[in-house]
Amino acid sequence: MKKALITGITGQDGSYLTEFLLGKGYQVHGIIRRASTFNTDRIDAIYADPHEQGTRLFLHYGDLSDATGIRRIIGKVQPDEVYNLGAQSHVRVSFDQPEYTADVVATGTLRLLDAVRDFIAETHKPVRLYQAGSSEMFGAANPPQNEGTPFYPRSPYAASKVAAHWYAINYREAQGIFICNGILFNHESPRRGETFVTRKVTRAVGRIKLFLQDKLYLGNLESKRDWGYAGDYVEAMWLMLQQDKPDDYVIATGESYSVKDLLEEAFRYVDLDWRDYVEIDPRYFRPTEVNHLHGDATKAREKLGWEPKVGFVELVHMMVDHDLELARQDKTLRDAGHILTPRGLANR
Ligand code: NAP
Ligand code: F7E
């Protein structure tokens, strides 16, 4: 049985990847951060008590800022494949916490690579590693962007991902480790964090439709993104590690839409006009914006046989359907006298 170790297992992608790998028969180990509240919501449905026979999902406390802990986990798990998904992944927040972002995203990757390097040297086990790169690395580069497009990062997050990308290439070339950089364009799902724009919009649509919220505050509505479905994208991560040779791949849908297009589709789906509800709050603007991301995933299609299955409209509808159901549950609780999230918190 192959063993996979995932950093960032509690995140959107970590949860989809875990389900995917369990479906492929893997034993899956994930690194979780200690928090004062439970942070395993996204994997709770698939987590079984480790004392039960036949369990194939195991969680370990660790943090990308803690090299000794990471090394201990790798030694204990002895993974065949490592997926580095852990990150402070919010671009806007990275302007407020640049040093922390760099520590986790850039240096954290270096810590992991170095731990894997020493583990391979000691055990001669041919570990393969996936590094979660981002279309944010292209930043201000003209669209469409592919593997040959020069990087032009526009945030501390993006600059940290560029550093991690090059660390990964250096460990591949200097240490001969099988490492792949996935350069993934935005991918979303009903499990997307609620402060990213797609989920913020679909969550608000559900709540506005059921009269739980009356306004949605956003930043730049003009920027364009190539939005795909996270469930499709984790398959690409796995495919990269199954090839004969390690390489880097852009993963994208090849279609690009503006935040306004997103609003149009999400509100129209529930027969509302977004102009009646959306207001601009400059606090959501970024000091340096990435205006237009539009990926060209020809290489992934030709070499990995990977193609996205879910398109933009289907993705938006899937997320709105999910968030309408959440809003219905919220409403039931409110009608029963429970206190719901205050409106201020809903507009983070
Ligand atoms: P996400 O939902 O924000 O999940 C991030 C994960 O990283 C969470 O499990 C989080 O743990 C964990 N994490 C945060 N700080 C950590 C630390 N110091 N040590 C260890 N783990 C830490 O992100 P995602 O959307 O799943 O994205 C997965 C990866 O792909 C990230 O590296 C992201 O930067 C990258 N990426 C994402 C996209 C996208 O559109 N989703 C596109 C390109 C690249 P908690 O749950 O405890 O916070
Ligand atoms: O912003 C605009 C915002 O935060 C998308 C991360 O997963 O994908 C993600 O980064 C656009 C930007 O995603 C609001 O200015 C307007 O132009 O959903 P987002 P992102 O910054 O593209 C990349 C590929 C990653 O790697 C990252 O980890 O939407 N926007 N108004 C807003 N964005 C947010 N969050 N909130 C607003 O109110």
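Throughout, numbering of the chain's residues begins at 1 and tracks the sequence. Atoms within a ligand are numbered from 1 in the order they appear, just like the ligands themselves. Small disclaimer: the values here were computed from a predicted structure and weren't measured.
Scanning the protein for heavy atoms near atom 42 (C) of ligand 1, the closest one is His187 CE1, 3.2 Å. In terms of protein heavy atoms, atom 46 (O) of ligand 1 is closest to Thr10 OG1, 2.6 Å. Nearest non-hydrogen protein atom to atom 18 (N) of ligand 1 is Asp63 OD1, 2.7 Å.
One option in Ile70, Ile31, Leu85 has a heavy atom closer to atom 29 (C) of ligand 1 than any other, and that option is Leu85. Of the candidates Arg199, Arg286, Arg283, Arg286 brings a heavy atom nearest to atom 34 (C) of ligand 2. Nearest to atom 5 (C) of ligand 1 by heavy-atom distance, out of Ser65, Gly228, Gly8, Ala87, is Ala87. Around atom 23 (O) of ligand 1, the closest heavy atom drawn from Ala132, Ser189, Ser89 belongs to Ser89.
Contact annotation: for Tyr157 versus ligand 1, heavy atoms closer than 4.0 Å belong to the side chain alone. Neither the backbone nor the side chain of Asp281 comes within 4.0 Å of ligand 2, counting heavy atoms alone. With a 4.0 Å cut-off on non-hydrogen atoms, His90 touches ligand 2 through its side chain and not its backbone. Of the heavy atoms in Glu136, none comes closer than 4.0 Å to ligand 1. Using a 4.0 Å cut-off between heavy atoms, Tyr157 contacts ligand 2 through its side chain alone, with no backbone atom that close.
Near Ser134, meaning under 4.0 Å from one of its heavy atoms, ligand 2 places the atoms 23 (C), 24 (C), 25 (C), 26 (O). Close approach of ligand 2 to Ser135 (heavy-atom distance below 4.0 Å) involves ligand atoms 24 (C). Close approach to Val91 involves these atoms of ligand 2, each under 4.0 Å from a residue heavy atom: 10 (O), 21 (O). Residue contact check: Arg192 has heavy atoms under 4.0 Å from atoms 6 (C), 7 (O), 8 (O), 9 (C) of ligand 2. When each atom of ligand 2 is checked for a heavy atom of Glu289 under 4.0 Å away, the hits are 3 (C), 12 (C), 15 (O), 17 (O). Here is the list of ligand 2 atoms found below 4.0 Å of a heavy atom in Asn220: 2 (C), 16 (C), 30 (N), 31 (N). Per-residue contacts place Ser89 under 4.0 angstrom from the following atoms of ligand 2 (heavy atoms of the residue considered): 6 (C), 27 (C), 28 (O). Below 4.0 Å from some heavy atom of Lys200 lie the following atoms of ligand 2, by number and element: 37 (C), 38 (O).
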Test Tyr16 against Tyr229 for ring pair (Phe, Tyr, Trp, His ring centres under 6.0 Å), laying out the working first.
CA-CA 11 Å; Tyr16 282 104; Tyr229 171 52; 5.8 Å; yes
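Annotation: Thr198 places no N or O atom under 3.5 Å from an N or O atom of ligand 2; distance criterion only. At a 3.5 angstrom cut-off on N or O pairs, Gly11 counts as close to ligand 1. Looking at ligand 1, you won't find any N or O of Ser134 less than 3.5 Å from one of its N or O atoms. In terms of polar-atom proximity, defined here as any N/O pair under 3.5 Å, Phe196 makes no such contact with ligand 2. Annotation: Leu218 places no N or O atom under 3.5 Å from an N or O atom of ligand 2; distance criterion only. Of the polar atoms of Tyr284, none of the N or O atoms is found under 3.5 Å from an N or O of ligand 2, judged by distance alone.
Ring-plane geometry between Phe312 and Tyr257 is classed as parallel, the angle between the planes falling under 30 degrees on a 0 to 90 degree scale with a further cut at 60.
For Asp244, the salt bridge (Lys or Arg N to Asp or Glu O under 4.0 Å) criterion is met by no residue, not counting sequence neighbours. Every residue meeting the side chain to side chain contact (heavy atoms under 4.5 Å, CB included) condition with Glu52, not counting sequence neighbours, appears here in chain and number order: Ala48, Asp49, Thr55.
Within 6.0 Å of OH in Tyr269 there are more than 12 heavy atoms belonging to other residues, nucleotides or ligands.
Looking only at side-chain heavy atoms (C-beta outward), Asn146 and Thr149 come within less than 4.5 Å of each other.
Side chains of Thr253 and Asp226: a donor-acceptor N/O pair is present below 3.5 angstrom, by distance only.
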